[in-house]
Protein chains: 2
Amino acid sequence: MTVDLIAVLVAVQAGTPLVMTLDRERALPSGPFALGHRSLQSGLRAWVEQQTHHPLGYVEQLYTFADKDRAGEGGARTISISYLGLTRALSDAESGWCSWYAYFPWEDHRAGPPPLIAAQIAPALSGWAQSAPDPAEQAARRQRVAIAFGLDGQPWNEELALQRYELLYEAALVPERRHVDTAPAFAGLAGLADLADLGRPMIGDHRRILATAIARLRAKIKYRPVVFELLPPTFTLLQLQRCVEGLAGRTLHKQNFRRLMEQQELVEETGATTAEGIGRPAKLFRFRAAVLAERAVAGTKLPLARS
Amino acid sequence: MTVDLIAVLVAVQAGTPLVMTLDRERALPSGPFALGHRSLQSGLRAWVEQQTHHPLGYVEQLYTFADKDRAGEGGARTISISYLGLTRALSDAESGWCSWYAYFPWEDHRAGPPPLIAAQIAPALSGWAQSAPDPAEQAARRQRVAIAFGLDGQPWNEELALQRYELLYEAALVPERRHVDTAPAFAGLAGLADLADLGRPMIGDHRRILATAIARLRAKIKYRPVVFELLPPTFTLLQLQRCVEGLAGRTLHKQNFRRLMEQQELVEETGATTAEGIGRPAKLFRFRAAVLAERAVAGTKLPLARS
DNA sequence: TCTCCCTATGCTCATACTGAGCATATTTAT
DNA sequence: ATAAATATGCTCAGTATGAGCATAGGGAGA
């Protein structure tokens, strides 16, 4: 039994979320957990720093899985433990950084829903739904597709990045699946238009891990101040907004976003303003370290009694 | 390298959250992941059903860790993958079910803050904070304690169950830690009153895993309809409320809780009412399966633009 | 039988938060 | 000077939330 450690290392530059890749942008940094490693995290740090020469800051565990596809061969089995890492230091010399939307072009809704969805994904998944054995399963598939991709009047939900990838995988619309079983998943698939541009594939299930990381991060930015790990020490509110927008893949209402930042007291003015660029200079902010300690643990709400 | 699967199996009876235990209530169901297992989950199901004879319903992965303490001996190393399972079928004949508050008496705030906190935990942790090497670390420890246990005007946050256990572990106030290093963590500890009633200990880090499960479940009930896995097919709103209260360890405002249930449309009336018991008969409800499919994926909010 | 007690359920009201848009300020480019 | 671009402030209605009051419908015992 071998145990692999896999890292999704994320940074944001100019409002674009980037992920660190290896092997001509088709793999995530990874390596086996060895006896010399003090802990899972330190093993991960060692591998990432060795392979990418980039220091690892904030790290959280994502998910552990036993790779079905690689199993059974000679009895050996691999357990993969995946981690999400956030970083801000991003020197220009580094290579391997790649926009995560290169792998998931359907996830970027900042300029409206990508035409790719209506043009290719929706018809292909509709065909897959039709190909289900019985009407109940057909309806179930159709509902899953509609909810995941915001079709049939359903709202788009950016947090469903993993479900979307898994649907495409299940329908054999991504090449990762087609390496596993060569036959098309349903009869209509062969007749469909070229699906080559459904994002850049990765080795093994690295793209699934990346989808897991995106989903986790999109959920987390809403209740934990993790964006701060991705931004420089001081920043303007627009930079902060663009960072969140890049991660969420959606545009935000500017004034309401600012109001939210103010009333949550997560940031404070530095007194300085930006000099560069066109337009009125923006105030520079920094995160309030004191609040971070408390807010880092603020939970959600229930209708409590006699508080 | 061995891989262990560990399950926290939770049920609720009469408003009390129960956890399935083995070995005189000191261990969680667990077993090694073997080559014969199709997947991690199916391996877990096999172990739990073999050891407890209880079927496993809803399951989600909690966390994976490499047990530091057991490491290094002869070079062998153990990876533990923990899961949370929710179940409702709870026949009376079964044994091994145990209130989770037996392990974490400081977590039950339904009758107000447990006296245990003010009487024993707060002074002991205060001593631990004082024992820090420098003033900065002392202040940091004091703040961690205040936030975790709701002291010094901080509000109680039920989601911090894991942080609380880890603080007690760090301060060597739980016997699990004292098995590892025998010396008291700080000079004042020896002079403190008997701390024997800081909850029932468990083997290895099983109590830490249970704390992880509690924290996860308390966070999750607020945004995913998972309570439904724990209740019978029909129930009264008070039963539902008592179930949530038991999990959260806090009492809720009755009328507002009902309003919340109604406006979320998660439940619908069956038309029947309860016969038994004193007082006005309560309407029976069931969960709306249709809404489950949609709401199961409803995320939280950002200030979106032009939606 | 009647009253009290208990639980269930309905309603109100002030306050806070959210979505959406309008208005104003301070720059640079032409 | 004027336009364009960005930053920032303010309003307003709709909705959600916290808290409490009031009423309904049952059983138990005087």
Side-chain angles (χ1 to χ4, degrees), chain A residues 14-15 155-158 221-223 234-245 248 250-286 295 298-307, chain B residues 14-15 155-158 221-223 234-245 248 250-286 295 298-307:
Chain A
W156 173 259
N157 183 345
E158 69 280 354
I221 48 174
K222 292 168 190 163
Y223 62 99
T234 69
F235 47 85
T236 69
L237 288 183
L238 188 62
Q239 274 180 283
L240 175 57
Q241 183 183 342
R242 292 282 180 253
C243 179
V244 174
E245 286 177 335
R250 318 189 64 164
T251 52
L252 305 181
H253 187 281
K254 189 168 180 168
Q255 294 88 337
N256 291 346
F257 180 81
R258 287 159 170 276
R259 180 173 60 185
L260 209 64
M261 290 302 107
E262 278 166 28
Q263 81 191 19
Q264 306 221 134
E265 295 182 302
L266 286 176
V267 298
E268 63 189 2
E269 300 184 14
T270 65
T273 58
T274 49
E276 99 243 1
I278 200 174
R280 174 173 170 175
K283 292 179 189 164
L284 280 169
F285 289 79
R286 75 170 76 88
R295 291 307 167 98
T300 37
K301 276 166 269 178
L302 281 174
L304 296 176
R306 59 182 166 131
S307 100
Chain B
W156 174 258
N157 182 346
E158 70 280 353
I221 49 173
K222 291 167 190 162
Y223 62 99
T234 70
F235 48 83
T236 69
L237 288 183
L238 189 61
Q239 274 180 281
L240 175 56
Q241 185 183 340
R242 292 283 180 252
C243 180
V244 175
E245 287 177 334
R250 317 189 65 165
T251 53
L252 306 181
H253 187 282
K254 189 168 180 167
Q255 294 88 337
N256 292 345
F257 180 80
R258 288 161 167 275
R259 180 173 59 186
L260 208 64
M261 289 302 107
E262 278 166 27
Q263 82 190 16
Q264 305 221 133
E265 294 182 305
L266 285 176
V267 298
E268 63 189 1
E269 302 184 13
T270 65
T273 57
T274 49
E276 101 246 359
I278 201 173
R280 175 171 170 177
K283 292 181 190 165
L284 281 168
F285 289 80
R286 75 169 75 89
R295 292 304 166 97
T300 36
K301 276 165 269 178
L302 282 174
L304 297 176
R306 61 186 166 126
S307 106

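In what follows, every chain begins at residue 1, and chains take the letters A, B, ... in the order their sequences are listed.
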Between protein and nucleotides 3-9 of chain D, map the contacts as a letter string: B base, S sugar-phosphate only, - none, heavy atoms under 4.0 Å, written 5' to 3'. --BBBBB
Closest non-hydrogen contact found for A:Thr274 with A:Pro281 is O-CB, 3.2 Å
Taking every heavy atom of A:His253 against every heavy atom of A:Gln241, the minimum-distance pair comes out as C-NE2, 4.4 Å
By side chain to side chain contact (heavy atoms under 4.5 Å, CB included), B:Glu269 pairs with (sequence neighbours left out) B:Lys283, B:Phe285
Mind checking what makes salt bridge (Lys or Arg N to Asp or Glu O under 4.0 Å) contact with B:Arg286, not counting sequence neighbours? B:Glu268
Side chain to side chain donor-acceptor pair (under 3.5 Å) partners for A:Arg258, two or more places apart: none
What residues, two or more places apart in sequence or in another chain, satisfy side chain to side chain donor-acceptor pair (under 3.5 Å) together with A:Gln239? none
Set out, line by line, the N/O atom pairs under 3.5 Å between protein and nucleotides 15-18 of chain C.
unit_1: C:dT18; atom_1: OP2; unit_2: A:Gln263; atom_2: NE2; d: 3.1

To the nearest 0.5 Å, tell me how far A:Leu237 CG sits from A:Met261 CE. 8.5 Å
Calculate the interatomic distance between B:Leu240 atom CG and C:dA8 atom P; express it in whole Å. 12 Å
Once you round it to whole Å, what is the distance between P of D:dC10 and NE2 of A:His253? 16 Å
Verify, without hydrogens or angle tests, whether A:Glu245 (side chain) and A:Gly15 (backbone) share a donor-acceptor contact under 3.5 angstrom. no
